[in-house]
Amino acid sequence: MRTIEWDDDRDCIVMVDQTKLPAEYTTYHAETVADLIESIQLLRVRGAPALGAAGAYGVALAARRNDADAFDAFVEAVRADADAIATARPTAVNLSSEVETVLAELDACSSIPEARERTLARAEEIADADVARNKRLGEHGADLLADGDTVMTHCNAGALATVDWGTALGVIYSAQEAGKDVRVIANETRPLNQGARITTTELLEHGVETTLIPDSASGLCMQEGRVDAVVVGADRIVLDGGEAFGDQGVVFNKIGTYNHAVIADRHDVPFVVAAPHATIDTERSADEVEIEQRDPDELREIYGVQNAPEDTDVYNPAFDATPMELVDYLVTETGVYEPPLDRVAFEMADEPATV
Ligand code: MRU
């Protein structure tokens, strides 16, 4: 199945429950808007494009669960639910932007049944579009890799972070389809271990030779010449760096990404960001992007076992900011771009580059 989809029989959202991986591959049914918000916050569904689909289906779910009789009251209630879904996690732009896209359907509706039908149809289109563009993105990115390359990746930007196929791991799968033997070094990705729990599961299922490392070993791996390219996804890319980064763009991705980018730069390892245009926020600057802060207990405990004294002060940001000066290639569904990404060049470039 896809990472997230609509269950017609139960008339609700069904998703792979990623909190259970790798021990169990199970699904979770979000029957209500509250179930969906909880799923987003617990990371049952996670990864920017999958969160976009969750937001899109979430508006359809809100429209189906709302029992108002009058259309105006219905629209008001769906908008309130949509707002709660859009803000369930702040950093990945896809969540709020796809909520907005589906919500806009309501403007063209004049009855509750029509609104229910149109919001679900639009959400299905968004989910299908994600799969199609990831395939295109993967093919562009695969051109950057040579047979025999070893790619380091961080967190999980695979099929399970999207509706299907993935972005960073989609590049690996497309290279594999093109007949290239590509190996992967997967960073564990503390504290929630998306690399260890999810990326390795996915890659092994695809028959990709994979080595898991602790995050802190990435420097040694690059120093020892074990890495030909680092390929990661993104939660939000801005083209305006704001006060902190000036006129260069910034990639917000899983905490630790910046560390790997700095080390890759030090060792001349190409640093590649693979993300769809839907992850590029052209409206905000880096100053306006909120980095999600997670529960301190994610560090004070490991899988329910105490890892630090209960009252330890904790700083637990979920994402960090990598300036474009550290990014060698940005791969999207329309091609491969070499920063600096001045807006015009970014929109005009169409010829894929090669590493
Ligand atoms: O906290 P998560 O697991 O949602 O973080 C996911 C990432 O940081 C991914 O790299 C990003 O969303 C890109 S997914 C194609």
Side-chain angles (χ1 to χ4, degrees), residues 2-4 15-19 21 39-55 88-98 127 130-131 133-135 137-138 141 151-174 184 186-199 201-203 215 230-237 250-261 271-281 289-295 298 316-322 327 330-333:
R2 288 177 167 187
T3 299
I4 182 164
M15 64 188 78
V16 176
D17 184 349
Q18 299 187 42
T19 59
L21 290 171
S39 299
I40 291 169
Q41 291 173 340
L42 292 179
L43 274 52
R44 279 190 196 112
V45 60
R46 45 147 298 281
L51 288 173
R89 290 187 77 192
T91 310
V93 67
N94 310 57
L95 177 60
S96 54
S97 63
E98 300 298 21
D130 180 59
V131 184
R133 75 181 173 219
N134 291 338
K135 293 266 177 156
L137 183 158
V151 171
M152 174 179 283
T153 192
H154 190 64
C155 193
N156 172 266
L160 286 161
T162 61
V163 177
D164 206 352
W165 199 246
T167 59
L169 299 192
V171 169
I172 307 290
Y173 303 145
S174 294
V184 174
N187 296 329
E188 181 188 27
T189 317
R190 286 277 299 137
L192 296 182
N193 301 326
Q194 290 92 330
R197 297 186 303 105
I198 305 171
T199 293
T201 304
E202 249 196 79
L203 288 169
D215 299 316
V230 180
V231 185
V232 298
D235 283 83
R236 187 186 302 239
I237 295 171
V250 179
V251 175
F252 290 86
N253 191 49
K254 179 53 57 192
I255 189 75
T257 300
Y258 173 57
N259 305 31
H260 307 307
F271 190 85
V272 183
V273 175
H277 283 265
T279 297
I280 301 171
D281 180 349
V289 179
E290 182 182 341
I291 292 184
E292 178 185 2
Q293 299 296 320
R294 302 278 307 171
D295 187 337
E298 289 178 355
N316 187 17
F319 302 98
D320 62 21
T322 300
V327 176
L330 170 62
V331 184
T332 77
E333 66 272 37

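Whatever order the structure lists ligands and atoms in, that order sets their numbers, starting from 1. Just so it is clear, the values below take in all heavy atoms, side chains as well, and ignore hydrogens, waters and symmetry mates. Keep in mind that what you see is a predicted model, and the values were worked out from it rather than measured.
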Notebook entry, point to check: With a 3.5 Å cut-off and no angle check, do the side chains of Asn94 and Thr279 form a donor-acceptor pair?
Noted result: yes
Notebook entry, point to check: Looking only at side chains, do Asn187 and His260 share a donor and an acceptor under 3.5 Å apart?
Noted result: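 Per modelled atom types, Asn187 and His260 side chains form a pair under 3.5 Å.
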How close does the nearest protein non-hydrogen atom get to [atom], and which residue and atom is it?
atom                    : value
atom 7 (C) of ligand 1  : Asp235 OD1, 3.2 Å
atom 9 (C) of ligand 1  : Asn253 OD1, 3.4 Å
atom 14 (S) of ligand 1 : Ala161 CB, 3.4 Å
atom 13 (C) of ligand 1 : Ala234 O, 3.3 Å

Check: Minimum heavy-atom separation for Ala321 to Phe252, with atom names?
Finding: CB-CE2, 3.7 Å
Margin query: With respect to Gly47, determine whether any N or O atom, backbone or side chain, lies less than 3.5 Å from an N or O atom of ligand 1.
Written below: yes
Notebook entry, point to check: Backbone or side chain, does any N or O of Arg46 fall under 3.5 Å from an N or O of ligand 1?
Noted result: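 So ligand 1 has an N or O lying under 3.5 Å from an N or O of Arg46.
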Next item on the list: Could you check Arg46, Lys254, Gln18 and say which one makes a side-chain hydrogen bond (donor to acceptor under 3.5 Å, both in side chains) with Asn156?
Entry: Arg46
Checklist line | Proximal atoms of ligand 1 relative to Thr167 (non-hydrogen, under 4.0 Å) | finding: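 Those of ligand 1 that fall under 4.0 Å from Thr167 are 15 (C).
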Note to self: Suppose I only count heavy atoms of Ala157 and a 4.0 Å limit; which atoms of ligand 1 are within that range?
What the structure shows: 14 (S), 15 (C)
Check: Which of the listed options, Lys254, Arg89, Gln194, holds the heavy atom that is closest to atom 4 (O) of ligand 1?
Finding: Arg89
Margin query: Could you work out, for atom 12 (O) of ligand 1, the closest of Ala92, Ala318, Ala48, Ala168 by heavy-atom distance?
Written below: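 Answer by nearest heavy atom: Ala48.
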Next item on the list: Would you check if Leu160 and Val16 make a side-chain contact, meaning some heavy-atom pair closer than 4.5 Å?
Entry: yes
Next item on the list: For the pair Glu298 (side chain) and Asn316 (backbone), establish whether a donor and an acceptor sit closer than 3.5 Å, ignoring hydrogens and angles.
Entry: no
Next item on the list: Using modelled atom types only, decide if a donor and an acceptor are shared between the side chain of Asp17 and the backbone of Thr19 within a distance under 3.5 Å.
Entry: yes
